[in-house]
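Below is one structure; the comments refer to it alone.
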Amino acid sequence: MSARIAILVSGRGSNLQAILDAIASGALPAQIVGVFSDKPGAVGLQRVEPELRWSADPKAFPSREAFDAALGDAIAERSPDWVVCAGYLRILGESFVQRFRGRLLNIHPSLLPRHRGLHTHARCLAAGETEHGASVHFVIPELDAGTVIAQARVPVLPGDDADRLAARVLEVEHPLLVAVLRLAVEGRLAERGTTVFIDGHGLFTPLLLDSAGALRAPGSGSA
Ligand SMILES: Nc1nc2c(c(=O)[nH]1)N[C@@H](CN(C=O)c1ccc(C(=O)N[C@@H](CCC(=O)O)C(=O)O)cc1)CN2
Ligand SMILES: NCC(=O)N[C@@H]1O[C@H](COP(=O)([O-])[O-])[C@@H](O)[C@H]1O
């Protein structure tokens with residue numbers, strides 16, 4: 001029985017497409033059980049069949065908590081093994097996070113803990129940094145503060161603007177997210193408290209994506 005993954009998107013869904021492509025190629029033994037969005041017009045929703053789409057406008061709800069509860073109910077109905085924020089641009093409330101804690105992941109376009117929040121590429125450039133990248137982490141109520149599982153690094157190049165840097169980061173986001181999800185669906189990834197475990201061993205430094213798309217513990221062999 002392949003692992004069941006629910007995906008949250010707010011926009012174009014290029015990370016979702018990378019997951020769909022990995023599933024189609026056999027590289028990721030999983031199935032997408034639903035794509036959920038806070039934007040009914042999100043292009044990402046169009047990447048799956050209508051029966052797998054769920055969306056609602058948060059403005060139609062009396063509170064953030066009410067929206068999160070409806071979103072959480074819709075996700076829970078699909079009995080996912082993993083819930084992945086892939087370009088999802090809303091802060092999830094504590095009740096939602098606790099409901100899916102330990103199987104709720106996010107891909108973030110920075111080398112956390114640098115640049116939590118939004119507009120990470122512009123902030124990286126403004127800070128004069130020479131390196132940027134992406135992180136996949138477990139989601140906790142505090143924004144982008146969950147334990148980081150893996151990262152992918154890219155250089156900041158002369159003449160970069162935010163769009164050019166974002167495109168370079170996005171190129172590594174896709175294999176990074178797929179590689180982490182492969183660990184997840186193979187039952188090798190877990191979070192207990194604030195510690196990440198790979199194959200039962202505590203992970204105290206994020207894994208790094210290498211040029212071949214493999215995850216390696218810094219300074220050692222592949223994960
Ligand atoms: N409780 C958590 N919720 C979410 C997390 C998290 O780590 N903890 N990760 C995010 C994804 N994310 C960055 O990776 C992120 C999403 C949204 C925002 C944000 O400021 N959103 C604003 C609205 C912004 C807008 O609509 O343009 C908001 O929700 O008020 C920052 C970072 C997923 N959720
Ligand atoms: N804070 C969350 C965030 O900024 N997520 C970012 O949204 C972009 C679009 O993703 P997509 O092409 O998969 O929709 C991606 O770069 C993703 O890291």
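Just so we're clear, the structure is a prediction, and the values are computed from it rather than from any experiment. Heavy-atom basis, side chains included; hydrogens, waters and symmetry copies ignored. Whatever order the structure lists ligands and atoms in, that order sets their numbers, starting from 1.
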So for T120 against ligand 2, with non-hydrogen atoms under 4.0 Å, the contacting part is neither
So for L89 against ligand 2, with non-hydrogen atoms under 4.0 Å, the contacting part is side chain
Quick one: nearest non-hydrogen protein atom to [atom], plus distance?
atom                    : result
atom 15 (C) of ligand 1 : L143 CD1, 3.9 Å
atom 1 (N) of ligand 1  : L92 O, 2.8 Å
atom 12 (N) of ligand 1 : D144 OD1, 3.7 Å
atom 16 (O) of ligand 2 : E173 OE2, 2.8 Å

Output all residues satisfying side chain to side chain donor-acceptor pair (under 3.5 Å) with R153, sequence neighbours left out; order by chain, then residue number.
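So R153 forms a side chain to side chain donor-acceptor pair (under 3.5 Å) with E131.
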I'd like to know whether ligand 1 has [X] as a neighbour, heavy-atom separation below 4.0 Å.
X    : answer
E94  : no
G146 : no
L8   : no
R64  : yes

Using heavy-atom distances only, which candidate in I107, L112, L118, N106 approaches atom 18 (C) of ligand 1 most closely?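 That would be L118.
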Of all the atoms in ligand 1, which lie at a distance below 4.0 Å from a heavy atom belonging to [X]?
X    : result
Y88  : 11 (C), 16 (C), 33 (C)
E142 : 7 (O), 8 (N)
H137 : 7 (O)

Closer than 4.0 angstrom, basic N to acidic O: yes or no for [X] and [Y]?
X    : Y    : value
E129 : R123 : no
R99  : D73  : yes
R4   : D81  : no

- Query: Is R90 close enough and on-axis enough to F96, meaning under 6.0 Å and within 45°, for cation-pi?
  - Reply: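 No - R90 does not lie over the ring of F96 by the 6.0 Å and 45° rule.
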### Task
Output yes when the distance from some N or O of ligand 2 to some N or O of L118 is under 3.5 Å, and no in every other case.
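L118 vs ligand 2: no N/O contact under 3.5 Å.
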Any N/O of K39 closer than 3.5 Å to an N/O of ligand 1?
no
| query | Is I140 in polar range of ligand 1, meaning some N or O pair under 3.5 Å apart? | reply |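 There is such a contact, yes.
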Q.
Side chain, backbone, both or neither: which applies to V139 and ligand 1 if a contact is any heavy-atom pair less than 4.0 Å apart?
A.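 Contact part for V139 vs ligand 1: side chain (C-beta onward).
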Discussion item. If we only consider heavy atoms of V9, is any one of them less than 4.0 Å away from an atom in ligand 2?
Written reply: no
H137 and H108: side chain donor to acceptor below 3.5 Å:
no
